[in-house]
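In what follows, a single structure is set out as structure tokens and then discussed.
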Amino acid sequence: MGPADTLLSPVILFFVLGVLAAAVRSDLTIPESMAKAMSLFLMAAIGLKGGVQVSAAGLSGGMVAAGLAGLVLSFALPFLAFFLLRRWGRLDGLNAGAVAACYGSASVVTFATASEALTRGGMAPAGYMVAVLAIMETPAIVSGMLLARRGTPGRGRPGGHVWREVLLNGSVVLLLGSFAIGAIIGKARYEPIAPMFTGLWSGVLCLFLLDMGLIAVRRLRDSKAVTLRLGMLAVALPIINGSIGALVARGVGLDPGSAAAFAILAASASYIAVPAAMRLALPKADPGLYLSLSLAITFPFNILFGIPLFIALSTALAR
Amino acid sequence: MGPADTLLSPVILFFVLGVLAAAVRSDLTIPESMAKAMSLFLMAAIGLKGGVQVSAAGLSGGMVAAGLAGLVLSFALPFLAFFLLRRWGRLDGLNAGAVAACYGSASVVTFATASEALTRGGMAPAGYMVAVLAIMETPAIVSGMLLARRGTPGRGRPGGHVWREVLLNGSVVLLLGSFAIGAIIGKARYEPIAPMFTGLWSGVLCLFLLDMGLIAVRRLRDSKAVTLRLGMLAVALPIINGSIGALVARGVGLDPGSAAAFAILAASASYIAVPAAMRLALPKADPGLYLSLSLAITFPFNILFGIPLFIALSTALAR
Amino acid sequence: MGPADTLLSPVILFFVLGVLAAAVRSDLTIPESMAKAMSLFLMAAIGLKGGVQVSAAGLSGGMVAAGLAGLVLSFALPFLAFFLLRRWGRLDGLNAGAVAACYGSASVVTFATASEALTRGGMAPAGYMVAVLAIMETPAIVSGMLLARRGTPGRGRPGGHVWREVLLNGSVVLLLGSFAIGAIIGKARYEPIAPMFTGLWSGVLCLFLLDMGLIAVRRLRDSKAVTLRLGMLAVALPIINGSIGALVARGVGLDPGSAAAFAILAASASYIAVPAAMRLALPKADPGLYLSLSLAITFPFNILFGIPLFIALSTALAR
Amino acid sequence: MPKLVRRKRLEIIADLEFADWLADEAEAVGITHFTIVPTLGGKGVHGRWRNDGLGGQGKCLFLSVTSETRAEALIDRIGPHFSDYKIVMDVADVEVLRGDRFL
Amino acid sequence: MPKLVRRKRLEIIADLEFADWLADEAEAVGITHFTIVPTLGGKGVHGRWRNDGLGGQGKCLFLSVTSETRAEALIDRIGPHFSDYKIVMDVADVEVLRGDRFL
Amino acid sequence: MPKLVRRKRLEIIADLEFADWLADEAEAVGITHFTIVPTLGGKGVHGRWRNDGLGGQGKCLFLSVTSETRAEALIDRIGPHFSDYKIVMDVADVEVLRGDRFL
Ligand SMILES: Nc1ncnc2c1ncn2[C@@H]1O[C@H](COP(=O)(O)O)[C@@H](O)[C@H]1O
Ligand SMILES: Nc1ncnc2c1ncn2[C@@H]1O[C@H](COP(=O)(O)O)[C@@H](O)[C@H]1O
Ligand SMILES: Nc1ncnc2c1ncn2[C@@H]1O[C@H](COP(=O)(O)O)[C@@H](O)[C@H]1O
Ligand code: NA
Ligand code: NA
Ligand code: NA
């Protein structure tokens, strides 16, 4: 499977269509609740399919190792990002912490697109990688907040809801819940719901990425806070984090497909779960900034270049 | 098909996931218009499939008998419920009438979940049971209103719209309309739309029940009017009504699968069509009360325990 | 394929159900964002399938000829419509121009319904007809505006956005974009997304036409501006335009299926893209008027009678 | 400001099912212009609610800018139903252009 | 109340397609803050409408709290278009904290 | 008009995620009634935004009609957070029926 094959898949082409449409200022828009419905569908489908695969393969040492590696990595990656954002990016501590949290966490849609590409290329990641995805969503929020709050006194703010927001976040609950359901029902009972969750998967991903393309460009245009230095970091960070991820995956002995998925989780930046938590935890941080960087720069970069890059890197490391 | 088999279906597990997520106060939510879209889909699909089956099997005496039995039962059940709600539940006449109307009517989603379980267990109900469902939606509203209005003088209120609301209610029109379309087109012309209405059926039901689980718990939490006595009645009434339904179904000679479906229609309580009508017909009645009882207690009870119970009862009675 | 066959398809029956439900004032409604989601789906699906077919058949002279014919026709048809609307319809120039623009342009859903009927009848139109559809959406807006603005001085109004609205209109971009994607990916890469875009096609069309039936009747009821004369023109114009279209299609040598589709494009009137543009370009024109004529009269006429008529006409002309 | 005239802005929060009834009552006192705005949720004496798309919970905001006389007439007419129908209303002074459009 | 200052609250009901135009016109008189609220339907001299998601029927409520001077300037500027573009507007007195944010 | 009494109408524009927090703070000063209205987009010092259903952009309009005392108390309580939480608020005079329902 060459990179051309990835780039010419309908999923990617719809993303490009969204980018172009927004770039020429077309009024094409996806209704908000349709976008939300599609993201709920994608999370349920990804969880179910992962769970069914784990139920078929059984618990394995690889699963535990990958889960622990994901936990540690998600906690650790923001420290490096924070350092780079402050020094090279010239960002204040508060915003650097918020941005760092996004890059430590992971993006469901990037993972979904990568799974799609890997499966098409005959190197489908292990089912348990979905659980790793869910595990990696949250620890980064903790380290991001620790970093941001050094020297920022907090009192009487809506922060009481933050831990709830983080741990009981809708996407984490839906991902892990669907994963558990998939593991309980197994392959036979998955059959009746397969036409929806497997059959529609790629088609829904197309329309969802169309929307992401539209939103990425529009957000970038509306935002004023993105400097050239920060824009460069939004490309450098996924390359750095993804390479670290690929090495760690190699270290814990994942197969090439799972290792590529792991690298992409490390490379990707959250633009749904973490921003929602940051708005409550760090309300003074600028959402325009961390959303533009993760959604409008890093996300397209990963979709178009990161996925083929880390597939190639993981394949090379596996030799 | 054992009860474990019912309880471990993905449909039920998604309901449980919704209940748990809301119980731990996760912020997982399904957008309102997605919920409405799914319920429109379910009603159209249920109607179409029933109509196609009737067109294949032809009109039968069983269909007429079941329809009449449903009509009479829906009208009669509120009287018993009203009596119990006033005496044991200590409810005022107005609210007792509104609640009784809900329990005389039926719940589309409960029926859909039961159909799913019955079909999986090899005892699919007759196609015409969909028409019985549509027939049973309305008569209970009439008796509920009669009961509630004794001694409640009404004037100048939006009641003029009530009959329209009842008879031309969106769900009744969509159910009966799709049923008629299914009967007209028959099996061959149903083929091109089968990937949507048959293929996606179970998958959509999963996400819809996820939402129902979330809403049931949240409604119960927000409502203040539900006493312990009323909560107990919300479990007793489906058992009583369902048993009556099972006996009547046996009396009119339905096959075990259809009889189980009939019992479940009797046991179920409406939380869409009837509440909408009650708000106009009895605006002084408390929607928090009748919605909490029917949606937050009786609905989960039926999904988790009522369906296996009445399948077992109808099977036993058929011997 | 007889006309009965067209009229008894589930797609048409759902439209009739919508018309009847609205006529008896049922409260059945499709949520706005569900309607928008379905129309986005239909446009993406129609574009993709056309593109895939063109990629299989290759570029052809027929495609270029049909495209040019569509371009010219869409520009020319409003002149005839304008003349009739002013003389026979007694409409002022401004509103006549706005209405004429709608009739020169085309309706995606009418085209989709016709494609469905033609494909079912074994005379599927050529894939490139989708591109013709997209081409015909815009020129009519230009001539409609020219006609309406004679003598209507314009200054300082939101007209600056009009050209953008017209050329970068969401539906045009999505149609042409999906067409291009379909042409790039070809048949093999279309497979994974076929369960969504081909499998669900007819089912979604059913629910969409249910909504159109509801809306058509409700709009007609809410509007006060539709006179008997205008109502008659809303039936006469599709017959005239469609016949011209059938002759032109014959002239450029299209196969009968594509010719029927071409005739239906000419006969149909836009009620999505053009009205959106007209509100900005001619804000003084009455949307109630042009929407009622195109959506509430011409659209149902075409769905129920126009499609079988122009299929028959094109078949006859091909002999 | 050019020709601004005083009017009353009526804001009524009621169950979505009552929207048509409100329109009829408004019409009866000569108020023929209104706009309906959706809501997401709220809280009152009847507890917290969310617009979850299932039966019984949707409310709307019925907005009408009208003359003082007609505003009074409508309040007189529907005021008695407020507690039965769980209707909440407030009236504010506003100014408008083209006063003839706001009767 | 702490440092409340008087401002004008502009409420404009217009076709959704005019939202960008309204924003541009507001910007031209120095109003850079606004919020857009959706609507479900309404009625006016042009009859009843519902926001049914298809062409030509969606309206929005354009809300801006601003200084009296700028409110006047905007009304002067867009008032002449009101009848052409079916725009409806009302102005109310409100009080705000942090007056410098509401220019 | 029959028994109309003066109250304050608080209108707060804030991130949707702050709705529960606003409700808690309102409750703390005795305001137990409110309605939440959705928004489509807007513009402020932090730039243009659209409610696109993905993280970080949804705002809502929190509406409460209450007594002057409680309105003041709420403003005193949450006012200091306005600039941190990007909250915008305005207060208007309104009149209501059944004053006891608007404390
Ligand atoms: N004072 C108020 N301010 C804003 N909204 C209110 C007020 N009172 C009631 N409401 C709204 O009207 C609904 C019904 O009120 P109630 O009958 O008091 O439960 C509430 O749930 C709120 O959404
Ligand atoms: N006085 C008013 N109060 C509230 N909404 C109004 C008023 N006048 C007009 N509208 C709204 O603006 C739309 C267009 O008004 P019109 O041009 O009169 O049809 C109406 O359909 C209403 O939704
Ligand atoms: N003066 C105002 N009038 C109306 N809405 C405003 C105003 N100021 C701020 N907003 C809304 O509040 C949001 C946040 O404001 P800001 O913090 O200034 O970006 C803006 O995007 C607007 O939607
Ligand atoms: Na990451
Ligand atoms: Na029942
Ligand atoms: Na045409």
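Just so you know, these numbers use all the heavy atoms, side chains as well, and skip hydrogens, waters and symmetry mates. Per chain, numbering begins at 1; letters A, B, ... match sequence-line order.
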Closest approach of F:P38 to E:P38 (non-hydrogen atoms, all atoms of both residues): O-CD, 3.3 Å
Side chains of F:D93 and E:V94, heavy atoms from C-beta outward: is any pair under 4.5 Å? no
Does E:T32 reach the side chain of F:V45, with side-chain heavy atoms less than 4.5 Å apart? no
Could you grab the distance from atom CG of F:N51 to atom OG1 of E:T35, nearest 0.5 Å is fine? 11.5 Å
Answer with side chain, backbone, both or neither: which region of F:I12 has an atom nearer than 4.5 Å to a non-hydrogen atom of chain E? neither
Tell me, for E:L16 versus chain F, whether the close heavy atoms (under 4.5 Å) come from the side chain, the backbone, both or neither. side chain
Testing the basics here: between F:R48 and E:I36, what is the closest heavy-atom pair and its distance to 0.1 Å? NH2-CD1, 4.3 Å
Compare all side-chain heavy atoms of F:V37 with those of E:V37 and state whether any distance is below 4.5 angstrom. yes
Could you look at F:I13 and say if it's the side chain, the backbone, both or neither that has a heavy atom under 4.5 Å from chain E? side chain
If you define the side chain from C-beta out and look only at heavy atoms, does anything of E:L63 sit under 4.5 Å from F:E11? yes
Specify the closest pair of heavy atoms between F:D90 and E:R9, including all atoms of both residues, with the distance to one decimal. OD1-CD, 4.0 Å
Under 4.5 Å, counting heavy-atom pairs only, tell me which of F:G79, F:C60, F:S83 racks up the most with chain E. F:S83
Mind listing the closest non-hydrogen atom pair of E:F102 and F:M89 along with its distance? CZ-O, 4.0 Å
Distance (rounded to the nearest 0.5 Å) between E:K3 NZ and F:I75 CD1: 11.0 Å
